[in-house]
Amino acid sequence: MQKLAIFDVDYTLTKKETLMELFKFLLKKDPSKFIYLPRAIFSGLMYVIGVYDEKKVKETFLKFIDGIHERDMEMLVKEFYEKRLSKILYNDAIEMMKNLKNQGYKIYLISASPEFYLKELYNLKIVDKIIGTRFLCENGYHSRRMEGENCKGEEKVKRLKEELRKENIEVDYKNSYMFSDSLSDKPLMDIVGNAYLINYKKKHDTIQILKWK
């Protein structure tokens, strides 16, 4: 049976929220994209007051990717990884992944952030599988329309099990690990024997808290 080490991405593997970092990176490259800033602020406000759910927020915010050709997106996210994403990784997270990989664990990154740029984290050769929220790419052009559901909470468990079935992997959940900064990942934490909260600001009675830098 295979043991897994599952990591959330934003604020678990990274020091910052990756989608916002992508947007800021794009603004620096192309200041004309500032026209999308009011939309970003509006979608965030709608979420805070409960008008939008997270799927609607992401589809509204991601207007800036509409119509980008897959070749251009490939170059963009590659540059984003090299110049920004790779610079905001927690060293302690990388060390934990290396240690568990050396013990025979498969390293899975499962995140609600968009998969179209998270896949650049395969540059970390210790990573075996990346699962994120999927967005449509039709006839070679990217769209802000979400494919399926937002990869959060129970959806993370569903997506994980789908991938495991595809690859015919039987998991030793009792000896597997889950690392996250948020209790929104409790569904994943509940299926493994070893769950940890990363840089969590409150106390927790049952889940150990790790401080990563």
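Heavy-atom minimum distance, N150 versus E54: ND2-OE1, 3.3 Å. Smallest separation of non-hydrogen atoms from K156 and A112: CE-N, 4.0 Å. Minimum interatomic distance between F64 and L19 (heavy atoms only, all atoms of both residues): CZ-CD1, 4.4 Å. The two residues Y11 and K16 come nearest to each other via the heavy atoms CE2-CA, 3.8 Å. Residues L160 and L188 come closest through the heavy atom pair CD2-CD2, 3.9 Å. Looking at every heavy atom in both residues, G132 comes nearest to C151 through C-CB, 3.9 Å.
Remark: of the listed residues R145, R144, K33, R144 is the sole one forming a salt bridge (charged side-chain N to carboxylate O under 4.0 Å, His left out) with D66. Shown are Y117, Y36, F80, F61; of these, the ring-ring contact (aromatic ring centres under 6.0 Å, His included) with F23 is made only by F61.
Annotation: K56, atom NZ; neighbour count of heavy atoms from other residues, nucleotides and ligands within 6.0 Å does not exceed 12. The number of heavy-atom neighbours closer than 6.0 Å to CD of E74, taken from other residues, nucleotides and ligands shown, is 12 or below. Counting non-hydrogen atoms of other residues, nucleotides and ligands closer than 6.0 Å to NZ of K203 gives a total of 12 or fewer. Within a 6.0 Å sphere centred on CG of N102, heavy atoms belonging to other residues, nucleotides or ligands number more than 12. Heavy-atom contacts from other residues, nucleotides or ligands closer than 6.0 Å to OH of Y200 number more than 12. Counting heavy atoms of neighbouring residues, nucleotides and ligands inside a 6.0 Å radius, atom CD of Q103 exceeds 12 of them.
With rounding to the nearest 0.5 Å, the separation of OH in Y90 from CG in D181 is 8.0 Å. To the nearest 0.5 Å, atom CE of residue M189 and atom CG of residue N194 are 12.0 Å apart. Annotation: the span from K78 atom NZ to L76 atom CG amounts to 12.5 Å, rounded to 0.5 Å. Residue Y173 holds its OH atom at 4.5 Å from CD1 of I191, rounded to the nearest 0.5 Å. With rounding to the nearest 0.5 Å, the separation of NZ in K87 from OH in Y81 is 9.0 Å. How far CZ of R84 is from CD of E21: 4.5 Å, rounded to the nearest 0.5 Å.
Under the 4.5 Å side-chain contact rule for hydrophobic residues, L210 and V192 do not share a cluster. Following chains of ILVMFWY side-chain contacts shorter than 4.5 Å, one cannot reach M75 starting from M73, and the two form parts of different hydrophobic clusters. In the hydrophobic cluster analysis, where Ile, Leu, Val, Met, Phe, Trp and Tyr join through side-chain heavy atoms closer than 4.5 angstrom, L124 is grouped together with V77. Using a 4.5 Å cut-off between side-chain heavy atoms of Ile, Leu, Val, Met, Phe, Trp and Tyr, with links allowed through other members, I107 and L85 fall into the same hydrophobic cluster. Linking ILVMFWY side-chain heavy atoms closer than 4.5 Å, directly or via other members, places I88 and I126 in a single hydrophobic cluster.
Donor-acceptor pairing under 3.5 Å is recorded for the side chains of D172 and N175. A donor-acceptor contact closer than 3.5 angstrom is absent between the side chains of K213 and N91.
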Can you check side chain to side chain contact (heavy atoms under 4.5 Å, CB included) on V171 and K3, steps first, answer last? CA-CA 6 Å; V171 176; K3 293 180 290 186; over 6 Å; no
After noting the C-alpha distance and the side-chain angles of L100 and F179, does the key distance pass the side chain to side chain contact (heavy atoms under 4.5 Å, CB included) rule? CA-CA 12 Å; L100 291 170; F179 302 89; 3.8 Å; yes
Worked check of side chain to side chain contact (heavy atoms under 4.5 Å, CB included) between L27 and F34: CA-CA 6 Å; L27 289 181; F34 269 101; 4.0 Å; yes
Are F135 and H142 close enough, and set up right, to give a ring pair (Phe, Tyr, Trp, His ring centres under 6.0 Å), and what steps lead you there? CA-CA 8 Å; F135 290 83; H142 281 270; 9.4 Å; no
Go through V9 and T14 one step at a time and tell me if the side chain to side chain contact (heavy atoms under 4.5 Å, CB included) criterion holds. CA-CA 6 Å; V9 176; T14 66; 4.0 Å; yes
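With hydrogens and angles ignored, the 3.5 Å screen pairs a side-chain donor or acceptor of D10 with a backbone N or O of T18. At distances below 3.5 Å, not a single donor-acceptor pair connects side-chain atoms of S180 with backbone N or O atoms of L197. Of the possible polar contacts, one joining the D30 side chain to the S32 backbone as a donor-acceptor pair under 3.5 Å is found. In terms of modelled atom types and a separation under 3.5 Å, the side chain of D72 and the main chain of I68 share no donor-acceptor contact. Checking side-chain atoms of K55 against main-chain N and O of M146 turns up no donor-acceptor pair under 3.5 Å.
Here the side chains of I110 and F7 are not in contact, with every heavy-atom distance at 4.5 Å or above. By the 4.5 Å heavy-atom criterion applied to side chains, Y141 and E70 are not counted as neighbours. Contact annotation: the side chain of L118 never approaches that of L109 to less than 4.5 Å [non-hydrogen atoms, C-beta and beyond]. Using a 4.5 Å cut-off on side-chain heavy atoms (C-beta onward), I198 and D8 make no contact. Between I207 and K186 the shortest side-chain heavy-atom distance falls below 4.5 Å. Put simply, the side chain of E82 does not reach to within 4.5 Å of the side chain of N123, judged on heavy atoms. For the pair E147/C137, no side-chain contact is recorded, criterion being any heavy-atom separation below 4.5 Å from C-beta on. Side-chain contact between K58 and T133 is present, with at least one heavy-atom pair separated by less than 4.5 Å.
Close placement of the Y105 and Y177 rings is indicated, their centers lying within 6.0 Å of each other.
Using a 4.0 Å cut-off between charged nitrogen and carboxylate oxygen, E149 and K158 do not count as a salt-bridge pair. The pair K101-D128 counts as a salt bridge, with a side-chain nitrogen and a carboxylate oxygen less than 4.0 angstrom apart.
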